[in-house]
Amino acid sequence: MKIATWNVNSIKVRLEGVLGWLRQAEPDVLCLQEIKVVDEAFPRQAFEDLGYNVAVHGQKTYNGVALLSKLPMQDVTPRLPGNPEDVQSRYLEAVIGGPQPVRVASIYLPNGNPPDTDKYPYKLGWMARLKDRANELLKLEELLVLAGDYNVIPSARDVYNADAWRGDALFLPETRLAYQALLAEGLTDAFRACNTDAGQYSFWDYQAGAWQKNNGIRIDHLLLSPQAADCLRGAGIDKAVRAWEQPSDHVPVWCELAA
DNA sequence: ATGGCTAGGCTCCCTAGA
C-alpha cells in the first residue's frame, strides 16, 4: 500500500496538478493539507472519478485536511482530541480497509510563528495533544501512519541554511524536543528509515529563488507505528513536482508498506 | 526573512503562510 501526504496550498488552485500527480504516482492513500475550502466546496467528484473514496474536514480560507483512499474508509474521525475550543481543521483520521487495515491520519500541525505570540503556545499545545493521541493509538498495536505537514524541521540535516531558521517556530529547540517526544512514543520517520542523506527537502519558499537554490526544509513527514514500520518497503519525496506549473510550495512525500 | 511570492477574501489592501 502506497501512502502519500501533500500540503497543496489551496485545492482549488492545485486541482489539476493533484489529479495529474495521482494518475502518475498512483498512491492508494493521499493525505491532503491546506485545502482552504469548506467540505461542500471540495472537488469530491473529480477524485471519485479517479477511483478514490473521499473524506474531508474543511475550513473556509485557512487550514483544512482531507483523505483520498482507493479502499473504503471506516471510523472517519475529524479533530484532534484534547481541546474542544480548538476550531481549526487540522486533523482527520480513518481506518483504511483491506486484509490488513491501516489507520491513517492527515495532519496539519500549526506553524507557530511568530514565536513571541500566542501562536507558539498553540503549536506546542497541539503537539502535546498529538503525542497523547499517538500514545492512545499505539496501544492498539495496529498499522498506523500519521502523515502530514508537521511544520517541524527535525534536525540540521533537514534544512539548507540552518542559521536562517534558528529562531523560527519550525526549528526552535523546544519545537524539536516536542517532536522528539512524539517519536519517543514509538513512531518511526518513514523517510529517514530509508534515506539518511542531508539536503532532502519537502518545502521550498516561493520567494527569493528558494527552489532554484535548493534552499529548502524537510517538514512533511509520515510517522509509522512499529507494526507499520515492520512493513516499510520504501519512502521518497517527489521533488520534481515543485517545478510544475503553478506549484504548491510543498511536494508529495510517500511511503510504501507491504500491507 | 532586513519578507523578494502565493492564496483568499471582509478584494485595490489586509492576513497567513514557513
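Naming: A, B, ... by sequence-line order, numbering from 1 per chain.
- Across all strands shown, A/K123 has no heavy atoms under 4.0 Å from either base or sugar-phosphate atoms.
- Between the NZ atom of A/K60 and the P atom of B/dT11 there is a distance of 10 Å, rounded to whole Å.
- Taking atom CD on A/E34 and atom C1' on B/dA18, their separation rounds to 9 Å, with Å as the unit.
- Residue A/N7 holds its CG atom at 12.0 Å from CG of A/L109, rounded to the nearest 0.5 Å.
- Rounded to whole angstrom, the span from the CG atom of A/L109 across to the C1' atom of B/dA18 amounts to 13 Å.
- The stretch residues 202-216 of chain A comes close to DNA chain B through A/F203, A/D205, A/Y206, A/Q207, A/A208, each having a heavy atom under 4.0 Å from the strand.
- Residue A/R166 is classed as having no contact, given no heavy-atom separation below 4.0 Å to the nucleic acid.
- For B/dA18, its base sits under 3.5 Å from the side chain of A/N111 at one donor and acceptor pair at least.
- Applying the ring pair (Phe, Tyr, Trp, His ring centres under 6.0 Å) test to pairs two or more places apart or on separate chains, those with a residue in residues 237-259 of chain A are A/F203-A/H250.
- Sorted by first and then second residue, the ring pair (Phe, Tyr, Trp, His ring centres under 6.0 Å) pairs with a member in residues 70-106 of chain A form an empty list; sequence neighbours excluded.
- Taking atom C1' in both B/dT11 and B/dT15, the straight-line distance is 12 Å, to the nearest Å.
- Applying the ring pair (Phe, Tyr, Trp, His ring centres under 6.0 Å) test to residues at least two apart or on different chains, the pairs with a partner in residues 42-87 of chain A are A/F42-A/F47.
- With salt bridges taken as basic N to acidic carboxylate O contacts below 4.0 Å, none links A/R44 and A/D49.
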List the atom pairs, donor and acceptor, that lie under 3.5 Å between side-chain atoms in residues 194-201 of chain A and the rest of the protein, sequence neighbours left out.
unit_1 : atom_1 : unit_2 : atom_2 : d
A/N195 : OD1    : A/D197 : N      : 2.8
A/Y201 : OH     : A/Y160 : N      : 3.1

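- With both ends at atom P, the span from B/dG4 to B/dC14 equals 14 Å, rounded to whole Å.
- Regarding A/Y122, its OH atom lies at a distance of 16 Å from the C1' atom of B/dA18, rounded to whole Å.
- For the C1' atoms, the distance from B/dC10 to B/dA16 is 15 Å, rounded to whole Å.
- Listed by first and then second residue, the salt bridge (Lys or Arg N to Asp or Glu O under 4.0 Å) pairs involving residues 111-128 of chain A amount to none (not counting sequence neighbours).
- Within 4.0 Å (heavy atoms only), A/N7 reaches sugar-phosphate atoms of the nucleic acid but no base atom.
- Taking a 4.0 Å limit (strictly below) on heavy-atom distances, residues 149-156 of chain A reaches DNA chain B at A/D149, A/N151.
- Distances were taken from every side-chain heavy atom of A/W165 (C-beta onward) to each of B/dG17, B/dA7, B/dA18; the shortest belongs to B/dA18.
- Considering only side-chain atoms of A/K119, the nucleotide from B/dT15, B/dA7, B/dG17 that sits closest is B/dG17.
- Counting only residues at least two apart or in different chains, salt bridge (Lys or Arg N to Asp or Glu O under 4.0 Å) contacts with residues 220-246 of chain A are absent.
- Within the 4.0 Å cut-off from OP1 or OP2 of B/dA18, at least one side-chain nitrogen or oxygen of A/Y108 is found.
- In this structure, A/I35 atom CD1 and B/dG17 atom P are separated by 16 Å, rounded to whole Å.
- For residues 85-97 of chain A, every residue pair satisfying the salt bridge (Lys or Arg N to Asp or Glu O under 4.0 Å) rule, not counting sequence neighbours, is listed here: A/D86-A/R129, A/E93-A/R103, A/E93-A/R133.
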